[in-house]
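First the structure, in the form of structure tokens, and then the observations on it.
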Amino acid sequence: MGSLHGKAPNPNFERAMGICFKDNRSTRLIGPLQVQFVGENPSSNWARCSKLLCSSMRKDASVSESKRNAPGPLSVSMEEELEHVIRFKMSDFKILDCVSTGLGGRADEIVFEALVKNRLSPLYNTKVVLRRLKTTQAQRRGKRAIEVLKKLAPRRLMYHSYSMQVHGYISSLMSNGHSSFTLVHGHHGSFSLRHWLQQSDWLPTLEATLALDEESVRKVGDTTTGGPAVSRHSRLIRVLMRDLLIGVNYLHSHGLAHTELRLENVHISPVDKHVKVGILGNAAYFHENAENDNTTENDLDRRQMMIAFDMRCVGFMMAKMVFQELMDPLTFTKFKLFFSKGHDPSCLREYLLRVLDHRLSSGNVGFQILDRNWGAGWNLLSLLLANKPSKRISCLEALRHPFLCGPRWRIAPSMEIIRWGLGSTAVRITEEYIYSLPQRRKLSHFIELMEMLTPHSKPKHWQELIPGKWRFLYSTGRHIGLTLRQPPARVLIGDVCLTVARDSKLNNRLSLTSDINFTVMRGRNWPHNKIGINGKLVINSSSRIQAGRRLYLKEENTVALGQPSFGESNAEHVLAQKLSSTRWRKVIPFEELPSSLPAVKLISGDIDLTMSLDIPLSEDIDAARNVIREVRTQVPPALFDLSKFICGTYVDSRLLILRSVDGSALLFTRSCLHESHNK
């Protein structure tokens, strides 16, 4: 508990109480009181000040209660609306001299912790929270929380498990003639979920609070407890996310939207080990007339929008639980900027790799968690944060998602999940930069499977999806580096991007731009010092797209005995063997390798090449020729000569596969960095 004794005072409590601090030993103004601290221990001074403050509060409460004999200023109609909860008096409580850190309220609220001292009350000797609502808007929130309780009364057990329990209220008439309304609700732990995540030892402490034993992890489909930090972190996120989604789905099933799902509004009860989704003071009905069962088209649209808003909030909470870096307000602002610009959430991984300064996903726990199980975590996060409300996943669908279902629960994946898993695994292999023979075969196999499962094979689909900037990841063709050669110019290739723009919506012409960034390294110490002259090679071309097919040429002898092959025929032969296995038979829509597959044919025009360097190499033009020759050697030929792209075989919101004239496949991922990261 973040008690006020011996610790820094709660800033939310200070703001709510109107307390002004100058420094640890300076004058503190508390309402009309002025206290001068002289001692060396500011915590003990604050404890004395808080006791003085709470003592003055008790005196004010007793005086105001002695002045009134009437029940309070509530009207008869309001009394009837609030009759399903208890109406307390201030004398029923003993105000405590400390407030938990996680109970920080808004500027129009004053928060107390108290014990019920009325022996006749069913809550006798129970710790509760008194939330005094000062403004009219705040009082409206409190009465709304009580009204929602009446709506949820038929399933009170679920309400008690997944929401803060509202016990009742205190209504009184102040000395200035204004009414006072105080909400009395349950005390569910000292920390909100935000405060838990801000603790340095939050993982073991929260595991102990939730008592994650074998029985509890079995409820989320897991088989083990403990393990590496990544496994423990992943298991804890699944437990919290499932509990949170069950609570939100409970509200949605009763025609209510939370509308205020944030980490600071969610608490974890150490008693029943459940996530509490707040006091529901801002909960809203899906239908404007909640009493009328007849739903119109506008009501259905309103329902979809409100559910989508809640699911987006759940997605932001999940992102913060996975990536601790997003707890920083500046980093989270960049994160939200990605969505405000309309970028597709399926490209979020590519964006976060650069924004969080992680060139490799293996160096970050959050990336490892979402990359597991064929990248299922990224898929769930993209569905929760989808730009279009109609595309966002619902609570029930999220609870059945593979990321939230442990190995005990066998979930039949959809075709979309299978495509996502193949693409995510291929991207992860390309990041390792060690392309041994097994890895190259596996990448070729995954690319072939993706081409067979392509969701978009018509030119009109490609015209909608292909425009944008694509970063080159991998080529199934020949790879040539610097290690075993002595080239005249040592060039290190950086990011290689292909930008596709649509000339007009009325025709099928596309403009292609290949940007090849490189560094010319000088001197003999280049293996250890990669600093040099930065340059850029830009190739422009235009292309027309039309429907076509990719033919598979069947040969009798694809591989000679005892002779290794890296060609496409060998990959297709291995693919044909794997298609006959039981594992892929249920996924692939045909039993054997087909003679052809639908594709989009690319008919290219002339090309234009431009090279620029930060600093001139020398006056000799041969140096520039050597650089171009070396770039052309290391880069796949189709990226240097765009006319060698002959067809496109796969495209979706995040991945692109193009085939060149030599039969090799080039894998790209969509990049949003040029628009978001530089802002």
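Counting from 1, the numbers follow the sequence of the chain as shown.
- Every side-chain hydrogen bond (donor to acceptor under 3.5 Å, both in side chains) that Ser660 has, sequence neighbours left out, goes to Asp662, Ser664.
- Aromatic ring orientation, Phe339 versus Phe335: perpendicular (interplanar angle above 60°, classes split at 30° and 60°).
- Every side-chain hydrogen bond (donor to acceptor under 3.5 Å, both in side chains) that Glu397 has, sequence neighbours left out, goes to Ser394.
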Can I get a per-line list of side-chain donor-acceptor pairs under 3.5 Å for residues 637-655, giving both atom names and the distance, sequence neighbours left out?
| unit_1 | atom_1 | unit_2 | atom_2 | d |
| --- | --- | --- | --- | --- |
| Asp641 | OD1 | Ser643 | N | 3.3 |
| Asp641 | OD1 | Ser643 | OG | 2.6 |
| Asp641 | OD2 | Ser643 | OG | 3.3 |
| Thr649 | OG1 | Glu451 | OE2 | 2.6 |
| Tyr650 | OH | Asp652 | OD2 | 2.8 |
| Asp652 | OD1 | Arg654 | N | 2.9 |
| Asp652 | OD1 | Leu655 | N | 2.7 |
| Ser653 | OG | Ser346 | OG | 2.8 |
| Arg654 | NH1 | Ser424 | OG | 3.2 |
| Arg654 | NH2 | Trp420 | O | 2.7 |
| Arg654 | NH2 | Ser424 | OG | 3.1 |

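- Between Phe316 and Phe332, the ring-plane angle classifies as perpendicular under the 30° and 60° cut-offs.
- With sequence neighbours left out, the side-chain contact (heavy atoms from CB on, under 4.5 Å) criterion links Ile531 to Asn529.
- Side-chain atoms of His343 and Asn387 include no donor-acceptor pair closer than 3.5 Å.
- Asn373 is linked by a side-chain hydrogen bond (donor to acceptor under 3.5 Å, both in side chains) to nothing, counting only residues two or more places apart in sequence or in another chain.
- What you find for Arg502 and Pro467 is that their closest heavy atoms are CB-CG, 4.3 Å.
- For Ser511, there are no side-chain hydrogen bond (donor to acceptor under 3.5 Å, both in side chains) partners, not counting sequence neighbours.
- Atom CE of Met305 sits in a sparse spot, with 12 or fewer heavy atoms from other residues, nucleotides or ligands closer than 6.0 Å.
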(message) salt bridge (charged side-chain N to carboxylate O under 4.0 Å, His left out), that's the test. Do Glu416 and Lys391 meet it? Break it down for me.
(response) CA-CA 13 Å; Glu416 179 186 356; Lys391 299 294 184 181; over 6 Å; no
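- Ring geometry for Trp374 versus Phe446: interplanar angle of 30 to 60°, hence tilted.
- A distance-only check finds no donor-acceptor pair linking the side chain of Thr499 to the backbone of Lys469 [under 3.5 Å].
- Ion pairing between a basic and an acidic side chain is recognised when a charged N comes within 4.0 Å of a carboxylate O; Asp328 and Lys320 show no such pairing.
- Using bins of under 30°, 30° to 60° and over 60° for the plane-to-plane angle, the ring pair Trp378/Phe367 lands in the tilted bin.
- Between Pro636 and Phe472, the shortest heavy-atom contact is CG-CZ, 3.6 Å.
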